[in-house]
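A short worksheet on the structure shown next.
Protein chains get the first letters and strands the later ones, always in sequence-line order, with residue 1 at the start of each. Remember, predicted model here, so these are calculated numbers, not experimental data. Side chains are part of it too, since the values below use all heavy atoms of this structure and drop only hydrogens, waters and symmetry mates.
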Amino acid sequence: MNPINFIVALSAILFAIGVLGVLTRRNAILIFMSVELMLNAANLAFVAFARKWGELDGQMFVFFVMTVAAAEVAVGLALIVTIFRTRRSTDVDDLSQLKG
Amino acid sequence: MNELLVYILLGAVSVVAALGLLFSRNAIYAALFLVLNFGVAAVFYLLMNAPFLAVIQISVYAGAIMVLFVFVIMLLGAEQLPAADTGVRIKASRFVIIAGVAVLVASVMYALLTQSSGEAATYASDPAAIGVMLYTQYAFPFEAVSVLLLAAMVGAVVLTTRDAK
């Protein structure tokens, strides 16, 4: 099997595990970590395709995805900390105050 | 053949670490499993001719992002999940989701394993080449990202500062 095929297949598996994590876990921090897993899976596919086509653009995209992920984590964790201070919980099922 | 063995072993470690994240009952263990996954991804970047990204992966993802996660988990004291929250909770409606994900993965696997993607191209991917590209073709996104990082920093500080009464 071709290494590039292998990496893209692995990326699909990791992304699927990330999706399952987001859909089945209730702790907001764990959901967040699953999102990071999905971003990382997409990065792996980017690098594999950059290798396939011999273009650096794929690697540039990974670079930008990483910076956006860093920004997202900083704001997201700040939100989780603030929510925990007021609600004493990081369970997303408890955060149903906006429900009609 | 030996190279493929390396890929399969690393891939197995990566998938096991991801499953550890999915099924872990302790948030700290989940974070450590994710660090392992990111470390394996860095090795894959090295194998895929992306040394700069491998170093960035370790320093930014494993070094900065995951440290932030571990800090927050310990700050909130949320490392032990309440008994009702442990593990993966599967309702009947979620079997539909899981089946959908399984179909997605199976179709991707079928497409990938039945056709070869051909030989890899060779290209210069050292940090110097990345730097040239970053400051010429990608100069505008690079500047935009700097504004985004500043906004995220200010946002995080504003969100977590308690009101001074």
Subject >> Contacting moiety of A/Phe49, where chain B heavy atoms sit under 4.5 Å >> reply: neither
**OP:** Please examine the side chains of B/Tyr138 and A/Phe63, heavy atoms only from C-beta on, and report whether any two atoms are closer than 4.5 Å.
**Re:** no
Subject >> Over all atoms of both residues, closest heavy-atom pair of B/Ser14 and A/Leu14 >> reply: OG-CD1, 3.5 Å
Subject >> Part of A/Ile7 lying under 4.5 Å from any heavy atom of chain B >> reply: side chain
Original post:
Are the side chain of A/Arg51 and the backbone N or O of B/Asn49 linked by a donor-acceptor pair below 3.5 Å?
Top reply: no
Original post:
Do B/Leu76 and A/Ile80 come close enough that some side-chain heavy atom pair is under 4.5 Å?
Top reply: yes
Subject >> Side chain proximity check, B/Leu47 to A/Pro3, heavy atoms < 4.5 angstrom >> reply: no
Subject >> Sidechain-backbone polar pair: A/Arg85 side chain, B/Thr160 backbone, donor-acceptor under 3.5 Å >> reply: yes
Subject >> A/Ala69 portion near chain B, given a 4.5 angstrom heavy-atom threshold >> reply: both
Original post:
For B/Ala50, is it the side chain, the backbone, both, or neither that has a heavy atom closer than 4.5 Å to a heavy atom of chain A?
Top reply: both
Original post:
What option among B/Leu10, B/Val15, B/Val60 has the most heavy-atom pairs under 4.5 Å with chain A?
Top reply: B/Val15
Subject >> Donor-acceptor under 3.5 Å (A/Thr67 side chain, B/Val145 main chain) >> reply: no
**OP:** For the residue pair A/Asn43 and B/Gln57, confirm or rule out a side-chain donor-acceptor distance under 3.5 Å.
**Re:** no
Original post:
Under a 4.5 Å heavy-atom cut-off, does chain B meet the side chain of A/Phe15, its backbone, both or neither?
Top reply: neither
**OP:** State the CE-CD distance between B/Met133 and A/Gln59, to the nearest 0.5 angstrom.
**Re:** 9.5 Å
**OP:** Drop me the distance from B/Leu21's CG to A/Ile17's CD1, to the nearest 0.5 angstrom.
**Re:** 8.5 Å
Original post:
For A/Met33, is it the side chain, the backbone, both or neither that has a heavy atom under 4.5 Å from a heavy atom of chain B?
Top reply: both
Original post:
At a heavy-atom separation under 4.5 Å, does A/Glu36 approach chain B through its side chain, its backbone, both, or neither?
Top reply: both
**OP:** Work out which heavy atom in B/Gly11 is nearest to a heavy atom in A/Leu10; give both atom names and the distance.
**Re:** O-CD1, 3.7 Å
Original post:
Does a side-chain heavy-atom distance below 4.5 Å link A/Leu37 with B/Phe33?
Top reply: no
Original post:
Between B/Met66 and chain A, which part of the residue has a heavy atom less than 4.5 Å away: side chain, backbone, both or neither?
Top reply: side chain
Subject >> A/Leu44 portion near chain B, given a 4.5 angstrom heavy-atom threshold >> reply: both
Original post:
Rounded to the nearest 0.5 Å, how far apart are CD1 of A/Ile29 and CZ of B/Phe69?
Top reply: 8.0 Å
Subject >> Mutual orientation of the aromatic rings belonging to A/Phe6 and B/Phe44 [parallel < 30°, tilted 30-60°, perpendicular > 60°] >> reply: tilted
Subject >> Close side-chain approach of A/Phe64 to B/Leu134, heavy-atom, < 4.5 Å >> reply: yes
Original post:
Who among A/Leu56, A/Val81, A/Val19 has the most heavy-atom pairs with chain B under 4.5 Å?
Top reply: A/Leu56
Original post:
What are the two closest heavy atoms between B/Tyr45 and A/Met66, and how far apart are they?
Top reply: CE1-CE, 4.0 Å
Original post:
What pair of heavy atoms forms the shortest contact from A/Ala74 to B/Leu68, and how long is it?
Top reply: CA-CD2, 4.1 Å
Original post:
Side chain, backbone, both or neither: which part of B/Ala17 has an atom under 4.5 Å from a heavy atom of chain A?
Top reply: neither
Subject >> Proximity breakdown for A/Val8 and chain B, heavy-atom pairs closer than 4.5 Å >> reply: both
Original post:
Under a 4.5 Å cut-off applied to non-hydrogen side-chain atoms, are B/Leu34 and A/Asn40 in contact?
Top reply: no
Subject >> Part of B/Ala102 within contact of chain A (heavy atom distance under 4.5 Å) >> reply: neither
Subject >> Proximity breakdown for B/Phe71 and chain A, heavy-atom pairs closer than 4.5 Å >> reply: neither
